[in-house]
Q: 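Below is one structure. I have some questions about it.
Computation of the quantities below employed the complete heavy-atom set of this structure, encompassing side-chain atoms and omitting hydrogens, waters and symmetry-equivalent molecules.
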Amino acid sequence: MEKKSYLFSYYSDLILKAKWLSTESHYWLQLAMAKIANDRLDDAQNDLKTAYKWANEKQVIRNYSTSSIDTQQARLYIKKSIKEQHDKAVWDYFISAHTLLSKCNNDKYRYRQVKEYEKFFNLKYNILSVKNKNGFKSCCEYMQSQIKNLSDIDAGEYSIRSCNIMLTKILDKIR
């Protein structure tokens with residue numbers, strides 16, 4: 001069995017053995033990630049909604065961050081934007097992802113998803129309106145400016161460094 005589908009089976013079976021997981025946001029997040037990896041985007045969206053539900057209940061009790069859920073929601077939006085054919089839907093999903101990522105912690109988990117901007121650029125940039133092309137450029141510039149705000153140690157982390165290089169290449173092509 002392929003690793004991606006194994007993870008999906010693992011998390012699906014796990015809840016049968018440990019029913020208490022049904023109220024844990026992290027369980028639903030992991031299940032959603034497995035489904036995203038298997039391109040089951042609608043199912044993953046349902047699991048992310050459940051993760052947000054349980055995370056929001058935890059927020060009432062203590063200051064609980066949804067940043068890890070937000071990065072995966074953004075990942076799902078980028079994947080959906082790439083699957084879309086119509087300019088408006090493509091852009092709406094992309095800008096939703098960017099908006100979420102902009103609110104996430106400025107760390108490697110954010111930039112693992114920002115790296116998907118390259119795939120979006122390669123597959124969808126040319127169908128965007130001039131306004132949305134300018135918007136995409138601004139999104140790339142914003143994320144690159146956020147990398148500059150990191151400490152040298154954080155900015156040197158592989159996924160952040162490679163993301164910065166990728167953003168530079170995209171911006172060079174656009175200019």
Q: Does A37 offer a backbone N or O that forms a donor-acceptor pair with the side chain of K79 under 3.5 Å?
A: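 Pair absent, no side-chain N/O of K79 close to backbone of A37.
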Q: Go through the steps for L41 and K83 under the test side-chain contact (heavy atoms from CB on, under 4.5 Å), then give the verdict.
A: CA-CA 10 Å; L41 303 184; K83 286 183 172 278; 3.7 Å; yes
Q: Tell me, do K124 and Q85 make a side-chain contact under 4.5 Å, heavy atoms counted?
A: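 K124 vs Q85: side chains touch.
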Q: Is any side-chain heavy atom of V114 closer than 4.5 Å to a side-chain heavy atom of C140?
A: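 They are not in contact (no side-chain heavy atoms under 4.5 Å apart), so the answer is no.
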Q: Between K137 and E141, is there a side-chain heavy-atom distance shorter than 4.5 Å?
A: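 When only atoms from C-beta onward are counted, K137 and E141 do touch, with a gap below 4.5 Å.
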Q: Sequence neighbours left out, what passes side-chain hydrogen bond (donor to acceptor under 3.5 Å, both in side chains) with Y52? Give chain and number order.
A: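 Here the qualifying residues are D70.
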Q: Flag yes if I78 and Y109 sit in one hydrophobic cluster, no otherwise; membership is Ile, Leu, Val, Met, Phe, Trp, Tyr, and two members link when side-chain heavy atoms are under 4.5 Å apart.
A: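 No, I78 and Y109 fall in different hydrophobic clusters.
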Q: Identify each donor-acceptor pair in which a side-chain atom of residues 44-51 lies under 3.5 Å from a protein atom, sequence neighbours left out, and give them as a table.
A:
from: Q45; atom 1: OE1; to: Q73; atom 2: NE2; distance (Å): 2.8
from: Q45; atom 1: NE2; to: Q73; atom 2: OE1; distance (Å): 2.9
from: D47; atom 1: OD2; to: K35; atom 2: NZ; distance (Å): 2.8
from: T50; atom 1: OG1; to: N46; atom 2: O; distance (Å): 3.1

Q: Can you list, pair by pair, the side-chain donor-acceptor contacts under 3.5 Å of residues 147-157, counting residues two or more places apart and other chains?
A:
from: S151; atom 1: OG; to: D154; atom 2: N; distance (Å): 3.1
from: S151; atom 1: OG; to: D154; atom 2: OD2; distance (Å): 3.4
from: E157; atom 1: OE1; to: S159; atom 2: N; distance (Å): 3.0
from: E157; atom 1: OE1; to: S159; atom 2: OG; distance (Å): 2.5
from: E157; atom 1: OE1; to: I160; atom 2: N; distance (Å): 3.4

Q: List in chain and number order the residues that pass salt bridge (charged side-chain N to carboxylate O under 4.0 Å, His left out) with K53, two or more places apart in sequence or in another chain; answer none if no residue qualifies.
A: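 Here no residue qualifies.
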Q: Is there a path from Y117 to F121 through hydrophobic residues (I, L, V, M, F, W, Y) whose side chains come within less than 4.5 Å of each other?
A: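 Linked, Y117 and F121 end up in one cluster.
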Q: For L123, what residues pass the side chain to side chain contact (heavy atoms under 4.5 Å, CB included) criterion, not counting sequence neighbours?
A: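 Expected list: I82, K119.
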Q: Just jot down the side-chain hydrogen bond (donor to acceptor under 3.5 Å, both in side chains) partners of Y64, sequence neighbours excluded, or say none.
A: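 Once residues adjacent in sequence are excluded, the partners of Y64 under the side-chain hydrogen bond (donor to acceptor under 3.5 Å, both in side chains) criterion are S25.
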Q: Could you check K80 against D42 for side-chain contact (heavy atoms from CB on, under 4.5 Å), going step by step and ending with a plain yes or no?
A: CA-CA 10 Å; K80 283 188 169 189; D42 291 336; 3.7 Å; yes
Q: Would you please name every residue forming a side-chain hydrogen bond (donor to acceptor under 3.5 Å, both in side chains) with N106, sequence neighbours left out?
A: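 Partners of N106 under the side-chain hydrogen bond (donor to acceptor under 3.5 Å, both in side chains) test: R110, Y111.
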Q: When you group the ILVMFWY residues by side-chain heavy-atom contacts below 4.5 Å and let the links chain together, are Y93 and L101 in the same group?
A: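 Shared cluster, no.
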Q: According to the salt bridge (charged side-chain N to carboxylate O under 4.0 Å, His left out) rule, which pairs have a member within residues 86-102, sequence neighbours left out?
A: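 As it turns out, the salt bridge (charged side-chain N to carboxylate O under 4.0 Å, His left out) pairs with a partner in residues 86-102, which skip direct neighbours, are K88-D92.
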Q: How long is the straight-line distance from NE2 of H26 back to OG of S68, given to the nearest 0.5 Å?
A: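 If I round to the nearest 0.5 Å, the distance is 7.0 Å.
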Q: Is the gap between the ring centers of F136 and F94 under 6.0 Å?
A: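 Between F136 and F94, the centre distance is under 6.0 Å.
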Q: Taking C-beta and beyond as the side chain, do I36 and R40 meet within less than 4.5 Å on heavy atoms?
A: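 They are not in contact (no side-chain heavy atoms under 4.5 Å apart), so the answer is no.
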Q: State which residues pass side-chain hydrogen bond (donor to acceptor under 3.5 Å, both in side chains) with Q72; sequence neighbours excluded, sorted by chain then number.
A: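 Residues passing side-chain hydrogen bond (donor to acceptor under 3.5 Å, both in side chains) with Q72: R75.
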Q: For residues 20-34, which residue pairs pass the salt bridge (charged side-chain N to carboxylate O under 4.0 Å, His left out) check, not counting sequence neighbours?
A: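 Passing the test, one end in residues 20-34: E24-K58.
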Q: Please assess V90 against F120 for the test side-chain contact (heavy atoms from CB on, under 4.5 Å), listing each intermediate value before the final yes or no.
A: CA-CA 9 Å; V90 167; F120 179 87; 3.5 Å; yes
Q: Scan for ring-ring contact (aromatic ring centres under 6.0 Å, His included) pairs involving residues 141-175, sequence neighbours excluded, and state none if there are none.
A: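 Residue pairs passing ring-ring contact (aromatic ring centres under 6.0 Å, His included), neighbours aside: H98-Y142.
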Q: Output all residues satisfying side chain to side chain contact (heavy atoms under 4.5 Å, CB included) with T168, sequence neighbours left out; order by chain, then residue number.
A: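 T168: side chain to side chain contact (heavy atoms under 4.5 Å, CB included) contacts with Q144, N164, D172.
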Q: Between CE of M166 and CD of E116, what distance do you get to the nearest 0.5 Å?
A: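 M166 CE to E116 CD: 8.5 Å, rounded to 0.5 Å.
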Q: Decide whether L21 and M33 are clustered together by the hydrophobic rule: side chain heavy atoms of Ile, Leu, Val, Met, Phe, Trp, Tyr closer than 4.5 Å, transitively.
A: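 The answer is no; the residues belong to distinct hydrophobic clusters.
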Q: Roughly how far, to the nearest 0.5 Å, is the SG atom of C163 from the CD atom of Q146?
A: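 With rounding to 0.5 Å, CD (Q146) is 11.5 Å from SG (C163).
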Q: Checking the side chain of W28 only, and the main-chain atoms of W54 only, is there a donor and an acceptor separated by less than 3.5 Å?
A: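 Looks like no, no N/O pair under 3.5 Å.
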Q: Same hydrophobic cluster for I174 and L128, using side-chain heavy-atom links shorter than 4.5 Å among ILVMFWY?
A: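 In one cluster with I174: L128, yes.
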